[in-house]
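Below, chains carry the letters A, B, ... as their sequence lines are ordered, and counting in each starts from 1. Values reported hereafter were calculated over all heavy atoms of this structure, with side chains retained and with hydrogens, waters and symmetry mates removed.
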There are 2 protein chains.
Amino acid sequence: MATKGERATRRTDALSQQLIVQAASEILDAEGEAALTFRALTRHLKTGYGAIYHHVANKSDLLAAATDDVIARVVADLVTGAQPREALRALALGLFDAIDAHPWVGAQLTREPWRPALLDVYKTVGEQLQALDAPEEAIFDAAGVLVNYILGVAGQNAANARVLAGGETGRAEFLADIAARWTRLDPAGHPWAQRAAKRLREHDDRAQFLAGIDLILAGIEAVNR
Amino acid sequence: MATKGERATRRTDALSQQLIVQAASEILDAEGEAALTFRALTRHLKTGYGAIYHHVANKSDLLAAATDDVIARVVADLVTGAQPREALRALALGLFDAIDAHPWVGAQLTREPWRPALLDVYKTVGEQLQALDAPEEAIFDAAGVLVNYILGVAGQNAANARVLAGGETGRAEFLADIAARWTRLDPAGHPWAQRAAKRLREHDDRAQFLAGIDLILAGIEAVNR
DNA sequence: ACCTGAACACCGTTCAAGT
DNA sequence: ACCTGAACACCGTTCAAGT
């Protein structure tokens, strides 16, 4: 803990990638993506620019490392030994919750796929699909569907969370507003838009997310037969 | 066409949101996201900052409008009257190709979902699923799965395109590198990683994208029975 | 109403200089 | 090897002033 007494004096312990990534993560969580500047980092870490650049190549490298960190922790925390179906649901929910807690991760993964942490996710999904006896030819495609669905919905959810956190509107108003625009899209009266708007107002994010996962798994099983 | 003769003189015709969005789109396509600055825009449009700010609120507003434009064009160009299954595949491919041609759209959609253009996409998907006789309760979930899969894969594909366009590595090397990192992940020999790496090296982006769509449709039909 | 462009308050990044 | 912090070359955005 930093006491009031230690003012802007130089830090005594050594810096490291680890420490910098951790500090970046804290700033991103607390104040959002726009708040992560090298100036803020030097303040947070009581150091200079050069010190930071000595451990990370540049800002995008730093963001990537922070993202890897979050994803890797989710994969590492997975309880092994569960049934494949449960393991996939657990991985999906773990990623969903992690991106909900760290919304900046969602945007970052779109910018840089193929990061090591994401490869780990693909690998885990692939192995569980194999354990589920998915047909050999379908595993690769199915893994792509699952991972992209997970990251897509989680990212969208995170973007929503960001809007709700930053603004004066509550969740109910926000959804009502979308629903209203939705119904306005289609005044002629195709009934789907109306029902979707109603559904949107009432839906539970996590529950709907899991329903999508189950739908995909149903598709894999259908191909299996 | 701008002739050599007309130097940095003032433009004579009036500016408009339309024109600004179009200019932004051209800069984004030609030189990437980092090249879109208000300075570049004033040069491109032979005007001042205030003129631009008179028609768009700020940069993120401009990016959003440019994105809406691309997506709306895809939805508008859809041939109506096709079988629902074909209509869904056409929409998916249309979005895939549009995001491949305008990679910046991929990142933007993650940042701001619920834009009008995206609502149109959801609506189209929902209606086609209804025409496909998907069960009422599943349509909402299925639309979410489809749209997120489409945008996720298209965005990832666009990110890849960006890496390939900017760098000195070709597609074969790029994929080989990922495959290599993949196999290295799992030296103990879980066989899935090895097979996935092979598959990755040989795969066709569009074909795999469509295979994923079909898998999801299979899931919807499975629930249907 | 629409436009101009100097000015402001920021950025990321570099680098000579220190320990 | 690791760190400091002034300096550089940019940004997005504002705003008094023009037509």
Side-chain angles (χ1 to χ4, degrees), chain A residues 2 6-28 30-67 104 107-108 111-112 162 166-167, chain B residues 2 6-28 30-67 104 107-108 111-112 162 166-167:
Chain A
E6 57 178 33
R7 288 163 308 118
T9 53
R10 236 194 95 175
R11 53 182 303 116
T12 51
D13 50 335
L15 216 49
S16 67
Q17 244 242 34
Q18 257 265 47
L19 275 173
I20 296 170
V21 166
Q22 197 177 308
S25 222
E26 281 166 21
I27 294 173
L28 287 164
E31 304 171 68
E33 231 166 321
L36 181 66
T37 68
F38 277 80
R39 274 156 188 79
L41 270 177
T42 56
R43 238 178 291 131
H44 211 88
L45 292 166
K46 297 182 199 293
T47 184
Y49 301 112
I52 295 174
Y53 275 99
H54 196 267
H55 291 98
V56 301
N58 50 43
K59 191 175 180 177
S60 103
D61 180 51
L62 175 58
L63 267 167
T67 302
W104 45 274
Q108 187 56 28
R111 237 166 296 158
E112 298 205 36
R162 213 155 21 193
Chain B
E6 56 176 35
R7 287 163 309 118
T9 54
R10 234 194 96 175
R11 54 181 303 117
T12 51
D13 50 333
L15 215 49
S16 67
Q17 243 241 35
Q18 257 266 46
L19 275 173
I20 296 171
V21 166
Q22 197 178 307
S25 222
E26 281 166 22
I27 294 173
L28 287 164
E31 306 171 68
E33 231 166 321
L36 181 67
T37 67
F38 277 79
R39 274 155 188 81
L41 270 177
T42 56
R43 240 179 289 132
H44 212 88
L45 292 166
K46 297 181 199 296
T47 184
Y49 301 112
I52 295 174
Y53 276 100
H54 196 266
H55 291 99
V56 301
N58 50 43
K59 191 174 179 178
S60 103
D61 182 50
L62 175 57
L63 267 167
T67 302
W104 44 275
Q108 187 57 27
R111 238 165 296 158
E112 297 205 35
R162 213 156 20 193

How long is the line joining CG of A/Leu41 and C1' of D/dC3, in whole Å?
15 Å
For A/Glu26, all residues meeting side-chain hydrogen bond (donor to acceptor under 3.5 Å, both in side chains), sequence neighbours excluded
A/His44
Could you walk me through whether B/Leu41 and B/Tyr49 pass side chain to side chain contact (heavy atoms under 4.5 Å, CB included), step by step?
CA-CA 9 Å; B/Leu41 270 177; B/Tyr49 301 112; over 6 Å; no
Is the shortest side-chain heavy-atom distance between B/Thr37 and B/Ile27 below 4.5 Å?
no
Do A/His55 and A/Leu15 make a side-chain contact, defined as non-hydrogen atoms from C-beta onward lying under 4.5 Å apart?
yes
With side chains defined as the heavy atoms from C-beta onward, is the minimum distance between A/Leu19 and A/Ser16 less than 4.5 Å?
yes
Is B/His54 close enough to C/dT4 that one of its side-chain N or O atoms is under 4.0 Å from OP1 or OP2 there?
no
Show each protein N/O and nucleotides 7-12 of chain D N/O combination with a separation under 3.5 Å, one pair to a line.
| unit_1 | atom_1 | unit_2 | atom_2 | d |
| --- | --- | --- | --- | --- |
| D/dC11 | N4 | B/Arg39 | NH2 | 3.3 |
| D/dG12 | OP1 | B/Leu36 | O | 3.4 |
| D/dG12 | OP1 | B/Lys59 | NZ | 2.7 |
| D/dG12 | OP2 | B/Phe38 | N | 3.1 |
| D/dG12 | N7 | B/Arg39 | NH1 | 3.0 |
| D/dG12 | O6 | B/Arg39 | NH2 | 3.1 |

Could you spell out the base pairing of DNA chain C in dot-bracket, with Watson-Crick or G-U pairs whose two distances are under 3.5 Å, [ ] crossing and | to another strand?
||.|||||...|||||.||
Flag yes if more than 12 heavy atoms outside A/Glu33 fall under 6.0 Å of its CD atom; otherwise flag no.
yes
Quick one: is C/dA1 close enough that its OP1 or OP2 comes under 4.0 Å of any side-chain N or O from B/His55?
no
Please round to the nearest 0.5 Å and tell me the distance separating atom OG1 of B/Thr47 and atom CD1 of B/Ile20.
8.0 Å
Grab the CG-C1' distance between A/Leu19 and D/dC2 for me, whole Å please.
14 Å
Is there a side-chain contact between A/Ser60 and A/Glu112 (heavy atoms, below 4.5 Å)?
yes
Nearest-Å distance, CG (A/Leu45) to P (D/dT4)?
10 Å
Whole-Å distance between C/dT14 P and A/Ile52 CD1?
13 Å
Upstream residue (5' side of DNA chain C) when A/Gly50 and B/Gly48 are each assigned their closest nucleotide
B/Gly48
